[in-house]
Chemist: 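Can you read through this structure? Questions will come right after.
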Amino acid sequence: STDWTDKRAPSIISTFIDMFFGGGRVKTPLWTGGIDQELLQQLMLALAVVCIPLMLIPKPLFLYIRHLMLKNAEKAKVKKGLQASLLSDQQYLIVEEQKEEKKTQHSHGHGHGHGHGDLSLIHI
C-alpha cells in the first residue's frame, strides 16, 4: 500500500487521462504488490481500442442493410403494382372489345338470337 499522508490523493480522472495518453504507463502507482497497475492499464486500453469500433460500426451497417431491404421491397411492390395495372388495363380492353362486338351484332342481327351470346365476365 502507498502512504498518502503527506501527498495529495490521486485523481481518477487524471489517472485515466494519463493512461490513454501515456499508452498505459504509470507515473504514480496507486498501489504496490498484487496485480501490476501498468499491466492492468494496458489491458484496459487494449479493451477500449477493441470495444469502440464494436460500438460504432454495427448500427450504421444495420441501418444500411435495412435501407437496402426496404428499397428492394419497394421496387418489388412497384413492379407488382405495375403488373396489376397492366392486367386491369388488359381486362378493360377485352370488355370494351366485347361491348363493341355486341353492338355490332345487335345492329346487323335484325333481332335474331336474343340470347346473351359469348359475352361473359372475365375472371383472372
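Just so it is clear, the structure is predicted and the values come from calculations on it, not from any experiment. These numbers come from the heavy atoms of this one structure, side chains and all, not from hydrogens, waters or symmetry mates.
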Chemist: Looking at CG of Leu45 and CD of Glu38, how far apart are the two atoms once the value is rounded to the nearest 0.5 Å?
Modeler: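 Reported to 0.5 Å precision, the distance equals 11.5 Å.
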Chemist: Nearest 0.5 Å please: distance from the CG atom of Leu47 over to the CG atom of Leu43.
Modeler: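 Going from the CG atom of Leu47 to the CG atom of Leu43 covers 8.5 Å.
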Chemist: How about Leu54: does its CG atom have over 12 heavy atoms from other parts shown lying under 6.0 Å from it?
Modeler: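 Count over threshold, so yes.
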Chemist: Taking C-beta and beyond as the side chain, do Glu96 and Lys99 meet within less than 4.5 Å on heavy atoms?
Modeler: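 With C-beta onward as the side chain, the pair touches.
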Chemist: Before accepting this row, confirm whether a basic side-chain N of the pair Glu74/Lys71 lies closer than 4.0 Å to the acidic partner's carboxylate O.
Modeler: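 So Glu74 does not pair with Lys71 through a salt bridge.
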Chemist: Applying side chain to side chain contact (heavy atoms under 4.5 Å, CB included) between Pro53 and each of Val50, Leu56, Val49, Ile57, report the one that passes.
Modeler: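 Of all the options given, the one that passes is Ile57.
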Chemist: Are Phe21 and Leu40 connected, step by step, through hydrophobic side chains (Ile, Leu, Val, Met, Phe, Trp, Tyr) whose heavy atoms are closer than 4.5 Å?
Modeler: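 Same hydrophobic cluster.
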Chemist: I want to check something: taking the side chain as every heavy atom from C-beta on, are Thr15 and Gln41 in contact at a cut-off of under 4.5 Å?
Modeler: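 Heavy-atom side-chain distance check passes, below 4.5 Å.
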Chemist: Can you check whether Arg66 reaches Leu70 side chain to side chain, under 4.5 Å on heavy atoms?
Modeler: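 A side-chain contact exists here, since the closest heavy-atom pair is under 4.5 Å.
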Chemist: With clusters defined by side-chain heavy atoms of hydrophobic residues (ILVMFWY) lying less than 4.5 Å apart, directly or transitively, does Met44 cluster with Phe20?
Modeler: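 In one cluster: yes.
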Chemist: Rounded to the nearest 0.5 Å, how far apart are CG of Asp18 and CD1 of Ile13?
Modeler: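 Atom-to-atom, Asp18:CG and Ile13:CD1 are 12.0 Å apart.
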Chemist: Quick one: pull up CD in Glu97 and NZ in Lys102 and give me the separation to the nearest 0.5 Å.
Modeler: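 With rounding to 0.5 Å, CD (Glu97) is 16.0 Å from NZ (Lys102).
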